[in-house]
Amino acid sequence: MRLRNTETNAVQPLEPQSDPVRLYVCGITPYDTTHLGHAFTYVVFDVLVRVLRAAGQPVRYVQNVTDVDDDIIRRARELGTTWDHLADKETTLYADDMAALNVLAPDVFPRASQTIPKIIALIVKLEAQGHAYQRDGNVYFRVGSVADYGRLSRLSRTEMITLSAQRGADPDDPRKQDPLDFVLWQVSALGEPRWESPWGVGRPGWHIECSAMALEHLGPQVDVHGGGSDLIYPHHESEIAQSESATGMRPFARIWVHVGMLRYQGEKMSKSLRNLVLVRDLLPRYDADSIRVLLLRHHYREPWEYTPDQLDDAAAWTARLRAAASRTRNGMGDSALAVRAALEDDLDTSGALHVLEEAIDSGDRDWRAAAELLGLELSDPRLDHEEMKKALGWRAPFHNGGGS
RNA sequence: GGCGAGUUAGCCAAGUGGUAAGGCAGAGGUCUGCAAAACCUCCAUCGCGGGUUCGAAUCCCGCACUCGCCUCCA
């Protein structure tokens with residue numbers, strides 16, 4: 001497997017190893033999911049996991065849920081509910097949507113709210129090392145304490161400061177020593193989630209939870225760290241600073257994989273713009289295979305624009321593939337090997353689909369295993385939804401009081 | 001302003017040095033009582049200008065335009 005590393009901008013080999021590949025993917029902030037952009041990101045990593053495992057490479061896949069967050073608090077207030085109820089509900093919906101898209105569950109699916117002790121311990125450590133400082137119950141990461149903050153996004157420190165000042169970001173916060181310093185821990189306002197800490201009652205900042213969960217579940221270094229390209233700065237930049245400072249080991253991630261943004265109606269599909277196409281609105285009309293084909297027709301690094309007719313197009317193509325699938329045999333024929341080769345070349349999914357298309361045309365029948373690499377079912381017998389979820393490993397982990 | 005991605009037929013889209021996959025739409029045809037379906041055929045010289053090369057959509061330089069990120073967002 002070869003993958004493009006955002007940090008080095010080079011295609012880098014992910015060599016086979018006896019230990020599991022440590023994969024960490026930034027998950028959702030559960031207050032408004034799952035739109036097609038989310039699906040794109042997680043289907044891409046699903047294919048990565050499938051290809052690695054099919055090659056006999058064990059994988060330990062961690063995907064977090066950032067369920068303590070300003071947006072959740074705000075949205076819960078708007079809806080007249082509590083942050084934890086909203087997060088639970090949305091996380092379950094997300095897991096349902098992923099299962100419906102035939103996305104394998106991660107091995108560990110940790111929530112920020114259940115990682116608070118680890119987060120606090122990490123901040124304590126950073127503070128003791130001089131990488132963080134406390135002011136009035138808030139704790140900030142001292143960006144000046146690391147030499148190369150900005151190396152992932154390739155923004156120079158000067159540029160970041162200039163930008164930060166231009167946007168009037170936080171130079172007003174007199175507690176910060178540097179405008180770029182970011183929050184590790186903050187005082188909770190009334191009605192916000194709160195935990196006891198050495199700095200008083202508060203809640204974690206945005207970036208620290210990912211460092212804490214990655215370190216807890218995968219150790220001081222990960223092989224592949226993924227997420228949407230909108231997370232490069234500041235989120236992943238800050239994760240690097242926190243994690244490498246705490247462990248003294250670098251690089252924190254050997255390969256950074258970032259998935260391109262999906263546009264809709266001319267703009268980035270995003271929760272704040274409300275131009276969302278939700279997976280659960282598509283599923284009554286399109287099967288999972290068709291939706292996956294739509295997504296996988298695009299290379300993961302490419303930003304692209306969704307239009308409904310593309311989905312119809314993908315559905316028509318998928319129908320042809322399904323018709324041909326009934327005549328396939330299980331096995332790794334030339335076509336299946338070509339699909340695998342395409343996927344191992346920086347996840348060239350559109351190339352892989354092209355191989356399948358040629359297989360159909362030429363009458364090749366030995367490509368069934370290749371469809372599985374892409375997570376395409378291509379069969380009619382649909383499992384009952386709950387069975388499907390169980391089979392894929394999504395077990396509705398967030399229901400304390402029973403229910404689905 | 002910085003960084004990054006992109007520009008291939010009406011639309012979507014593949015294609016990293018040897019004279020442009022595929023799909024949708026469209027046109028014509030086979031079949032059919034008519035229609036549908038199915039199948040067959042037709043339909044582009046690759047944003048613009050230079051350069052390298054025997055040869056470039058593919059490499060290099062410049063330009064134009066589109067889009068994304070820049071502490072809300074996969």
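Chain letters run A, B, ... following the sequence lines, proteins first, then strands; residues in each count from 1.
Under a 3.5 Å cut-off, the side chain of A:S229 and the backbone N or O of A:V259 do form a donor-acceptor pair. Proximity of a side-chain donor or acceptor of A:W199 to a complementary backbone N or O of A:Q186 within less than 3.5 Å is not detected. With hydrogens and angles ignored, the 3.5 Å screen pairs a side-chain donor or acceptor of A:D346 with a backbone N or O of A:R4.
For B:G62 and B:A13, the C1' atoms lie 28 Å apart once the distance is rounded to whole Å. Using C1' as the reference atom, B:A56 and B:U19 are 10 Å apart when rounded to the nearest Å. Nucleotides B:U52 and B:A27 are separated by 42 Å at their C1' atoms, to the nearest Å. A distance of about 8 Å separates the C1' atoms of B:A20 and B:A44, rounded to the whole Å. Look at the C1' atom in both B:A64 and B:C43: the space between them is 29 Å, to the nearest Å. Taking the P atom of each, B:C46 and B:A9 are spaced 9 Å apart, rounded to whole Å. Comparing the same atom, C1', in B:G47 and in B:U58 gives a spacing of 15 Å after rounding to whole Å. For the C1' atoms, the distance from B:A38 to B:U32 is 12 Å, rounded to whole Å.
Applying the Watson-Crick and G-U wobble criteria (two distances, each under 3.5 Å), B:C34 pairs with nothing in any strand. Pair assignment for B:A25: none, as no Watson-Crick or G-U wobble contacts are both less than 3.5 Å. In this structure, B:A14 forms no base pair with any nucleotide, since neither Watson-Crick nor G-U wobble geometry is met with both distances under 3.5 Å. Pairing of B:C69, defined by two Watson-Crick or G-U wobble distances under 3.5 Å, is identified with B:G2. As the counterpart of B:C48, B:G62 is assigned, both hydrogen-bonding distances of the Watson-Crick or G-U wobble pattern falling under 3.5 Å. In this entry B:U19 has no Watson-Crick or G-U wobble partner, no candidate having both defining distances under 3.5 Å.
Within the 4.0 angstrom heavy-atom criterion, no nucleotide atom of any strand lies near A:F40. If you check every strand for non-hydrogen atoms under 4.0 Å, A:D348 touches sugar and phosphate atoms only. Nucleic acid contact class of A:T34 (heavy atoms, under 4.0 Å, all strands): none. Residue contacts shown for A:G227 are limited to sugar-phosphate atoms, with no base heavy atom under 4.0 Å away. Contact annotation for A:R74: no contact, since no heavy-atom pair falls under 4.0 Å across all strands. Contact annotation for A:L262: base contact, defined as any heavy-atom pair under 4.0 Å involving a base atom. Residue contacts for A:L231: at a heavy-atom cut-off of 4.0 Å it reaches the sugar-phosphate backbone alone, with no base atom in range. Nucleic acid contact for A:G27: sugar-phosphate only, since backbone atoms but no base atoms lie under 4.0 Å from a heavy atom of the residue.
The aromatic rings of A:H225 and A:Y24 sit tilted, their planes meeting at an angle between 30° and 60°. Relative orientation of the A:Y149 and A:Y233 rings is perpendicular, given thresholds of 30° and 60° on the angle between their planes. Ring-plane geometry between A:W83 and A:W195 is classed as perpendicular, the angle between the planes exceeding 60 degrees on a 0 to 90 degree scale with a lower cut at 30. Classification of the A:H235-A:W206 ring pair by plane angle, with boundaries at 30° and 60°, yields parallel.
Between the CG atom of A:N138 and the P atom of B:U71 there is a distance of 20 Å, rounded to whole Å. Rounded to a whole Å, the NE2 atom of A:H235 is 13 Å from the P atom of B:C72. Atom P of nucleotide B:C11 and atom CH2 of A:W317 are separated by 23 Å, given to the nearest angstrom. The interatomic distance linking A:F109 (CZ) with B:A74 (P) rounds to 13 Å, in whole Å. A:Y24 has its OH atom 12 Å from the P atom of B:A74, to the nearest Å. Distance A:E237 CD to B:C3 C1': 11 Å, rounded to the nearest Å.
Distances were taken from every side-chain heavy atom of A:R263 (C-beta onward) to each of B:C67, B:A74, B:A14; the shortest belongs to B:C67. The side chain of A:D71 has B:C72 as its nearest neighbour among B:G23, B:C73, B:C72. Here the side chain of A:C26 is nearest to one of B:G23, B:A74, B:U71, namely B:A74. Closest to the side chain of A:P303, from the set B:A5, B:C11, B:A13, is B:A5. Here the side chain of A:E267 is nearest to one of B:G68, B:A74, B:C72, namely B:G68. If you check B:G68, B:U71, B:C73 against the side chain of A:M261, the one that comes closest is B:G68. Checking B:C73, B:A74, B:A13 against every side-chain atom of A:H298, the shortest atom distance belongs to B:A13. Taking only side-chain atoms of A:S350, from C-beta outward, the nucleotide of B:C24, B:A14, B:G68 with the closest atom is B:A14. Checking B:A74, B:A14, B:C70 against the side-chain heavy atoms of A:H38 singles out B:A74 as nearest.
Nearest-nucleotide positions on RNA chain B place A:R301 closer to the 5' end than the other of A:R301 and A:T307.
Contact annotation: A:K268 side-chain N/O to B:C69 OP1/OP2 distance is under 4.0 Å. Phosphate proximity of B:C70 to A:S153: absent, as no side-chain N or O sits under 4.0 Å from OP1 or OP2. Not one side-chain nitrogen or oxygen of A:W304 sits closer than 4.0 Å to the OP1 or OP2 atom of B:A13.
Between A:E7 and the choices A:R250, A:R254, A:R151, the salt bridge (charged side-chain N to carboxylate O under 4.0 Å, His left out) rule is met once, by A:R151.
Within a 6.0 Å radius of NZ in A:K271, other residues, nucleotides and ligands contribute more than 12 heavy atoms.
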